[in-house]
Q: 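Below: one structure in structure tokens.
Since we're looking at a predicted model, the values are computed, not measured. Whatever order the structure lists them in is the order used to number ligands and atoms, beginning at 1. We number each residue from 1, following the sequence as shown.
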Amino acid sequence: MSDSKIKLAIVGVGKIVRDQHLPSIEKSNAYDLVATASRNAMIEGVNAYKDIESMLIAQPEIEAVALCMPPQYRYSVAKFALEQGLDVLLEKPPGATVCEVEQLAELAKQHNARLYTTWHSRHAAAVESAKLFLATDGVKINGAEIRWNENVRKWHPNQNWIWKAGGLGVFDPGINGLSILTHVIPESFHVESAHLYFPENKAAPIAAEIGFRTVTGEAVNGVFDWRIKGDEQWDIEIHTNQGVLGLTNGGSKLWLDRELIEEPQHSEHGEYETIYANFAEVVNNHVNHIDLRPLKLVADAFLLANRTTVEAFED
Ligand code: NAP
């Protein structure tokens, strides 16, 4: 039945492709991975090209592409793919700017192609349960805190793009927390204040503090810091009239009033397996899946922020 599988290609083969995309594609029955396009990298046993143009000339049967290069280099490739009528999966963040992704959404409509802006952290094991809890009749949110604090040297060694304009700096992981928060909190919130800390030799922040405000007036405070040497934190705490809901470990554990209520047993690649199951639905059912809220919040933080220059960062 391989004819009914989606003929998929990956563009931009790097860390996340090897860590997550390949194992999830291999586990899925929905795809044939027929090619890659990457300037330097290749995957053993898969046809390899240097760029998307030569790949599509050689293999016009390709139906869908997963774009996994850094965000600053994604727009032109996504535009080309949509113009050829291909369905497109965008790694997070979906682009370097809000408007370029909105343009891609327009292009998808014009060319009868589909666009999927992925937010992998939304598929962490306990996120849906938190969303259900917060959507329950009678639950009222009184405020929230998000702490996304990690050691940049451990997770992003020698990733130059991440420190360049458009690379997002500490928001590269931080936007994952915001993708969870925008998914689970039923009401909208906006950036009210922001403070960004830029190393004197970098164009992207190493730390940030953001004050958000929900539409009902509740405060949501965010701390994002890449300078952590000890215990790392990828945690969200939501204060409600029914107790304090904690989503810890990047959304994989759920607590109520500090009592663990959910630690589902997902496989190691659970988040990306869900992404590829969703993308198969996007392609087969011809539906777009576009959500820019996390990117808009980060963009607004850059717009509104006071800035402090801190000591240079060397890898
Ligand atoms: P990466 O390994 O540094 O880069 C991915 C690949 O993109 C590189 O191997 C490179 O392949 C290509 N590339 C790099 N610079 C490029 C440029 N200037 N122009 C065109 N292509 C370029 O990055 P990554 O960690 O996989 O992250 C890629 C995306 O996935 C980011 O948006 C990131 O936020 C997201 N993500 C990463 C992780 C993670 O744990 N790393 C987790 C979730 C999501 P070639 O040299 O062969 O072209």
Side-chain angles (χ1 to χ4, degrees), residues 9-25 35-44 46-55 65-81 88-98 100-101 104 115-124 127 148 150-180 203-205 224 226 232 234 249-252 268-276 278-279 291-292 294-295 298-299 315:
I10 292 177
V11 187
V13 175
K15 182 174 188 306
I16 195 58
V17 166
R18 296 190 194 281
D19 288 357
Q20 299 288 351
H21 288 254
L22 287 180
S24 301
I25 293 165
T36 62
S38 209
R39 298 164 313 166
N40 304 294
M42 53 194 298
I43 296 165
E44 213 185 312
V46 181
N47 293 339
Y49 305 89
K50 294 286 181 202
D51 53 56
I52 189 170
E53 290 85 355
S54 53
M55 179 175 77
V65 286
L67 305 189
C68 303
M69 69 288 277
Q72 302 100 316
Y73 317 111
R74 218 177 279 148
Y75 169 77
S76 59
V77 180
K79 179 171 184 286
F80 181 77
V88 173
L89 177 158
L90 299 173
E91 247 301 349
K92 54 66 46 173
T97 73
V98 172
E100 71 182 41
V101 190
L104 294 177
L115 190 63
Y116 176 23
T117 58
T118 64
W119 297 107
H120 67 87
S121 291
R122 286 183 176 173
H123 310 301
V127 170
W148 228 255
E150 64 179 40
N151 180 348
V152 64
R153 292 180 197 281
K154 181 163 142 197
W155 298 102
H156 300 282
N158 304 311
Q159 268 189 331
N160 290 332
W161 60 265
I162 222 161
W163 290 109
K164 293 190 172 158
L168 295 194
V170 73
F171 291 117
D172 176 75
I175 202 168
N176 297 334
L178 294 175
S179 76
I180 295 176
F224 308 81
W226 252 351
E232 298 176 303
W234 300 275
N249 302 70
S252 60
E268 197 189 339
H269 304 296
E271 296 177 14
Y272 280 76
E273 283 169 34
T274 307
I275 281 180
Y276 275 97
N278 288 351
F279 191 43
D291 184 0
L292 297 186
L295 186 63
V298 171
D315 259 321

Q: Heavy atoms only: which of Pro173, Cys68, Ser76 is nearest to atom 28 (C) of ligand 1?
A: Cys68
Q: For atom 34 (O) of ligand 1, what's the nearest protein heavy atom and its distance?
A: Asp172 OD1, 2.6 Å
Q: Return the closest protein heavy atom for atom 42 (C) of ligand 1 as residue, atom name and distance.
A: Ile16 CD1, 3.2 Å
Q: To the nearest 0.5 Å, what is the distance between CD1 on Ile10 and CG on Leu22?
A: 5.0 Å
Q: Can you pull out the closest protein heavy atom to atom 46 (O) of ligand 1? Residue, atom name and distance to 0.1 Å, please.
A: Asn40 ND2, 2.7 Å
Q: Please write down residue, atom name and distance for the protein heavy atom closest to atom 27 (O) of ligand 1.
A: Trp161 CZ2, 3.8 Å
Q: Establish, from distance only, whether the side-chain atoms of Gln20 and His120 form a donor-acceptor pair under 3.5 Å.
A: no
Q: Is the closest heavy atom of Gln72 to ligand 1 under 4.0 Å?
A: no
Q: Atoms of ligand 1 less than 4.0 Å from Pro71 heavy atoms?
A: 32 (O)
Q: Among protein heavy atoms, which sits nearest to atom 25 (O) of ligand 1, and what does the distance come to when rounded to 0.1 Å?
A: Gln159 NE2, 2.8 Å
Q: Look only at interatomic distance and state if Arg39 has a nitrogen or oxygen under 3.5 Å from any nitrogen or oxygen of ligand 1.
A: yes
Q: Does a donor on one side chain sit under 3.5 Å from an acceptor on the other, for Glu150 and Trp226?
A: yes
Q: Please could you name the atoms of ligand 1 that Met69 approaches to less than 4.0 Å, counting only its heavy atoms?
A: 7 (O), 21 (N)
Q: Pairs of nitrogen or oxygen atoms closer than 3.5 Å, one from Asp19 and one from ligand 1: do any exist?
A: no
Q: Within a distance under 4.0 Å of any heavy atom of Tyr272, pick out the atoms of ligand 1 and give their elements.
A: 43 (C), 44 (C)
Q: Identify the protein heavy atom lying closest to atom 11 (O) of ligand 1, giving its residue, its atom name and the separation to 0.1 Å.
A: Ser38 OG, 3.3 Å
Q: Going by atom types only, do His123 and Tyr272 share a side-chain donor-acceptor pair under 3.5 Å?
A: no
Q: How many angstroms lie between NZ in Lys50 and CZ in Arg39, if you round to the nearest 0.5 Å?
A: 9.5 Å
Q: With rounding to the nearest 0.5 angstrom, report the NZ to CG distance, Lys92 to Leu168.
A: 7.5 Å
Q: Return the closest protein heavy atom for atom 17 (C) of ligand 1 as residue, atom name and distance.
A: Tyr73 CD1, 3.3 Å
Q: Any carboxylate oxygen within less than 4.0 angstrom of a Lys/Arg side-chain nitrogen, looking at Lys154 and Glu232?
A: yes
Q: Return the option from Pro93, Gly14, Ser121, Pro70 holding the heavy atom at the smallest distance from atom 7 (O) of ligand 1.
A: Pro70
Q: May I ask you to check if ligand 1 and Val13 share an N or O to N or O distance below 3.5 Å?
A: yes
Q: Can you tell me how far CG of Asn47 sits from CE of Met55, rounded to the nearest 0.5 angstrom?
A: 10.5 Å
Q: Using a strict 4.0 Å cut-off to heavy atoms of His120, name the atoms of ligand 1 that fall inside it.
A: 43 (C)
Q: Suppose I only count heavy atoms of Lys92 and a 4.0 Å limit; which atoms of ligand 1 are within that range?
A: 31 (C), 32 (O), 33 (C), 34 (O), 35 (C), 44 (C)
Q: Please walk me through it: do Asp51 and Ser54 pass side chain to side chain donor-acceptor pair (under 3.5 Å)?
A: CA-CA 6 Å; Asp51 53 56; Ser54 53; 2.8 Å; yes
Q: Heavy-atom contact under 4.0 Å between Phe171 and ligand 1?
A: no
Q: Hey, does the side chain of Thr118 reach the backbone of Leu90 with a donor-acceptor pair shorter than 3.5 angstrom?
A: yes
Q: To the nearest 0.5 Å, tell me how far Leu178 CG sits from Phe171 CZ.
A: 7.5 Å
Q: Would you mind checking which non-hydrogen protein atom is closest to atom 2 (O) of ligand 1, with the distance to 0.1 Å?
A: Lys15 N, 2.9 Å
Q: Less than 4.5 Å apart, any side-chain heavy atom of Arg18 and any of Ile43?
A: yes
Q: Please confirm whether Ala41 comes within less than 3.5 Å of ligand 1 when only nitrogen or oxygen atoms on both sides are compared.
A: yes
Q: Please work out whether any backbone atom (N, CA, C, O) or any side-chain heavy atom from C-beta onward of Glu271 is under 4.0 Å from ligand 1, and answer side chain, backbone, both or neither.
A: neither
Q: Please identify which of these residues, Trp163, Trp161, Phe224, meets the side chain to side chain contact (heavy atoms under 4.5 Å, CB included) condition with Asp172.
A: Trp161
